[in-house]
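Take a look at the structure below.
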Amino acid sequence: MIIVRGSVNRKEYTSRFSKGILSRSLIRSELSPDKAYEFASRIEEDLKNKGVTEITTDEIADIVVKLLDEEEEKSVSERYLNWRKVREAKDPLIILIGGASGVGTSSMAFEISNRLGIKTMISTDMIREVMRKIVSEDLSPVIHESSFLAYRSMKVAPPPEFDFVLAGFKDQVATVSVGVEAVIERALKEGISIIIEGVHIVPGFIRKELMEKDNIVMFTLTLSDEEMHKNRFYSRCGDIWNNRPLEKYMGNFEAIRKTNAYLEDQARKEGTPIIDNIDVITTVDFIIETLTETYGGMKHVRKD
Ligand SMILES: Nc1ncnc2c1ncn2[C@@H]1O[C@H](COP(=O)(O)OP(=O)(O)OP(=O)(O)O)[C@@H](O)[C@H]1O
Ligand SMILES: O=C(O)[C@@H](CO)OP(=O)(O)O
């Protein structure tokens, strides 16, 4: 039996060498499950042949990187190392992924959570749903509508020179942002990494003293191609569990595109990393590389 020594959140642990655990971290680096399991089996076999009975996670990582560099593209070992940088950091990582309805924030959040092994993920739609139960429609009518339809329930119509769709959208975002900040503060207090995604993650709406922390990183997803954006709604409505009617989004597509343009403007104004969410791998690589540049720097890697 091979004993593995490692540490998580500065707590030392020992466990038996597991091909399954090693395979999962290789799959996160975009290796196919079969190849990941084959690599894990070869590494275990090699350790046994050398009579190794105890090894550290860092030593395993060195063996993995050497093998990946010998047999795979450089990008695979880079992904593997990026993932370890983020996991070894001493501060919890709070990733905020915003974008207009249908752009792909939920899907990208799921991909990133898999790639980085971040287990906690919440959507701003869920936060809004909780707020709807607590805050009555009389008190805050704007949160009881979709973001792109919030204008319909504004108590006072905006001045004629204002865009009414964006006036309602901003009202709802400002209100739901209070809930988003509460989740961020709780994650910081508990010391857990989390991904928060949704239309209410808008640059400029989260308190500056939170956004100035370099373990809180926001991304804005956009879709410059309107047809591709429309197709995203068709694709989502094809999901078997989907109960959101396609007509609602197609019938308000122009309003949704206005929120997309507004999100882009806010991202440019606030210097928020923005990506055209055309392709899953490109988007995920962009987010991971940006995180590694900002968050993965030496100042975050655990010293002890
Ligand atoms: N990069 C991508 N490439 C191809 N398809 C994508 C991509 N991102 C998302 N999709 C698909 O687009 C559809 C909408 O994605 P998703 O549900 O994540 O959007 P959303 O932004 O969360 O929407 P909403 O905020 O309204 O829930 C889904 O069917 C998803 O599979
Ligand atoms: O408010 C919105 O824009 C969307 C975002 O997902 O939510 P709903 O499905 O309630 O319209």
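The figures that follow rest on heavy atoms only: side chains count, while hydrogens, waters and symmetry mates do not. Numbering of ligands and ligand atoms starts at 1, following listing order.
Looking from atom 3 (O) of ligand 2 to the surrounding protein, the closest heavy atom is Ser147 OG, 2.6 Å. Counting only heavy atoms of the protein, atom 22 (O) of ligand 1 lies nearest to Ser106 OG, 2.4 Å. Given atom 7 (O) of ligand 2, the protein heavy atom at minimum distance is Arg128 NH2, 3.1 Å. The protein atom (non-hydrogen) at minimum distance from atom 11 (O) of ligand 2 is Ser146 OG, 2.5 Å. When hydrogens are left out, the protein atom nearest atom 6 (O) of ligand 2 is Asp125 OD2, 2.6 Å; that is the closest non-hydrogen contact.
Looking only at side-chain heavy atoms (C-beta outward), Leu26 and Leu68 come within less than 4.5 Å of each other. Within the 4.5 Å cutoff, the side chain of Asp46 has heavy atoms near those of the Lys50 side chain. Using a 4.5 Å heavy-atom cutoff, the side chains of Phe39 and Glu71 are in contact. Counting heavy atoms from C-beta outward, Phe233 and Ile256 have side chains that approach closer than 4.5 Å. No side-chain heavy atom of Asp225 sits under 4.5 Å from any side-chain heavy atom of Ile278. Put simply, the side chain of Ile55 reaches to within 4.5 Å of the side chain of Ile63, judged on heavy atoms. Between Gln266 and Lys170 there is no side-chain heavy-atom pair separated by less than 4.5 Å.
Here is the list of ligand 1 atoms found below 4.0 Å of a heavy atom in Ser107: 9 (C), 15 (O), 16 (P), 18 (O), 30 (C), 31 (O). Using a 4.0 Å cut-off to heavy atoms of Gly104, the atoms of ligand 1 that qualify are 8 (N), 9 (C), 15 (O), 16 (P), 18 (O), 19 (O), 20 (P), 21 (O). Proximity to Arg244 (heavy-atom distance under 4.0 Å) selects the following atoms of ligand 2: 6 (O), 7 (O), 8 (P), 9 (O). The atoms of ligand 2 that sit less than 4.0 Å from any heavy atom of Lys248 are 11 (O). Near Arg244, meaning under 4.0 Å from any of its heavy atoms, are these atoms of ligand 1: 24 (P), 26 (O), 27 (O). The ligand atoms of ligand 1 that sit less than 4.0 angstrom from a heavy atom of Asn277 are 1 (N), 7 (C), 8 (N). Every atom of ligand 1 with a heavy atom of Val103 under 4.0 Å away is listed here by number and element: 21 (O). Interface of Tyr249 with ligand 2, defined as ligand atoms under 4.0 Å from a residue heavy atom, comprises 8 (P), 9 (O), 11 (O).
For Glu145, no heavy-atom contact with ligand 2 is shorter than 4.0 Å. Contact annotation for Asp279 and ligand 1: only backbone heavy atoms (N, CA, C, O) come within less than 4.0 Å of the ligand.
Remark: distances from the non-hydrogen atoms of Thr282 to ligand 1 are all 4.0 Å or more. Look at Gly102 and you'll find a heavy atom under 4.0 Å from some atom of ligand 1.
Residues Pro92 and Gly191 share a closest heavy-atom pair of CB-C, 3.7 Å.
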Verdict with supporting geometry, Thr222 and Glu264, side chain to side chain donor-acceptor pair (under 3.5 Å): CA-CA 7 Å; Thr222 182; Glu264 281 188 15; 2.4 Å; yes
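By the 3.5 Å distance cut-off applied to N or O atoms, Thr283 is not counted among the residues near ligand 1.
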